[in-house]
Amino acid sequence: LDLTQTVLQFNKLEKIEIGGTKGKTLTTSVRQIFADFLQALTKFQEVKYDIMDVESKEFDDDFYEFRCVIKELERRLGSVITQAFDDCTTVGNTFKLMDSFEGLLEREI
């Protein structure tokens, strides 16, 4: 379930555009985070063993490595979101920003 939620939430990053004076830079950062996420996901999906083999420790190791990458991406994303909130000049912009990152704001860092 955690993997599915992670994939669904991070896929939202593909369409996010951030406005404001730092918007272009922050949007570029979000795009890079999304690209790094896709790279980690692809690596995890392309394993060469049977993931249904409960005796295999490879899945645990690969999933742990994937989670470590996700944690780093969450930290980077948290920094971007913080900068975007600092750049918001109106309450309306703040709510739009919160709406853009729906689901991702609830993740623990």
Side-chain angles (χ1 to χ4, degrees):
L1 184 64
D2 183 48
L3 178 62
T4 305
Q5 285 179 330
T6 298
V7 171
L8 289 173
Q9 290 172 343
F10 270 82
N11 274 332
K12 292 178 182 179
L13 295 178
E14 183 179 22
K15 299 174 184 160
I16 290 181
E17 292 281 337
I18 300 174
T21 56
K22 299 178 187 174
K24 187 174 182 179
T25 304
L26 295 176
T27 298
T28 301
S29 296
V30 169
R31 294 245 161 79
Q32 184 59 53
I33 292 168
F34 180 67
D36 293 346
F37 165 73
L38 288 180
Q39 184 179 11
L41 183 62
T42 300
K43 182 179 176 186
F44 185 66
Q45 288 174 331
E46 292 178 346
V47 295
K48 303 293 183 204
Y49 53 86
D50 180 13
I51 62 170
M52 299 304 283
D53 181 8
V54 293
E55 299 294 318
S56 175
K57 285 297 226 179
E58 292 174 302
F59 177 80
D60 291 337
D61 295 339
D62 288 338
F63 187 66
Y64 176 77
E65 185 179 329
F66 177 74
R67 289 297 306 148
C68 288
V69 170
I70 295 301
K71 286 294 181 192
E72 176 59 29
L73 295 178
E74 288 172 338
R75 282 188 212 95
R76 288 171 47 196
L77 188 59
S79 174
V80 169
I81 292 171
T82 300
Q83 291 176 56
F85 274 118
D86 289 344
D87 197 39
C88 284
T89 55
T90 66
V91 174
N93 288 345
T94 304
F95 282 117
K96 285 180 187 177
L97 184 63
M98 286 174 48
D99 190 44
S100 296
F101 288 100
E102 176 195 6
L104 290 163
L105 294 175
E106 299 165 7
R107 297 182 66 87
E108 288 187 31
I109 296 178

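Just so you know, these numbers come straight off a predicted model, no measurement behind them.
Between F59 and D50 the shortest side-chain heavy-atom distance does not fall below 4.5 Å. Within the 4.5 Å cutoff, no side-chain heavy atoms of V47 are placed close to those of F63.
Here the rule is side chain to side chain contact (heavy atoms under 4.5 Å, CB included) with D87, and of T21, N93, T82, T25 only T21 fits it. The residue from R31, K96, K24 that alone fulfils the salt bridge (charged side-chain N to carboxylate O under 4.0 Å, His left out) condition with E17 is R31.
No more than 12 heavy atoms of other residues, nucleotides or ligands lie within 6.0 Å of CZ in F95, so this atom counts as exposed by the packing criterion. Within 6.0 Å of the CD atom in E72, the count of heavy atoms belonging to other residues, nucleotides or ligands exceeds 12. Within 6.0 Å of OH on Y64 lie no more than 12 heavy atoms contributed by other residues, nucleotides or ligands.
To the nearest 0.5 Å, the span separating OG1 on T6 from CZ on F44 amounts to 10.5 Å. The distance from atom CG of N11 to atom CZ of F37, rounded to the nearest 0.5 Å, is 5.5 Å. Note: R75 CZ to I33 CD1 = 12.5 Å, rounded to the nearest 0.5 Å. Remark: Q32 CD to L77 CG distance equals 13.0 Å, nearest 0.5 Å. A distance of 10.0 Å separates CD in E74 from CD1 in I81, rounded to the nearest 0.5 Å. Interatomic distance, CZ of F10 versus CZ of F34, reported as 10.5 Å (0.5 Å rounding).
Taking all atoms of both residues into account, the shortest heavy-atom contact from S29 to V80 is CB-CG2, 3.7 Å. For the residue pair L97 and C88, the shortest heavy atom distance occurs at CD2-SG, 3.9 Å.
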Criterion side chain to side chain contact (heavy atoms under 4.5 Å, CB included) on D36 and V69, from CA distance to verdict: CA-CA 9 Å; D36 293 346; V69 170; 5.9 Å; no
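Remark: side-chain polar atoms of Y49 are paired, donor with acceptor, to backbone N or O of E58 under 3.5 angstrom.
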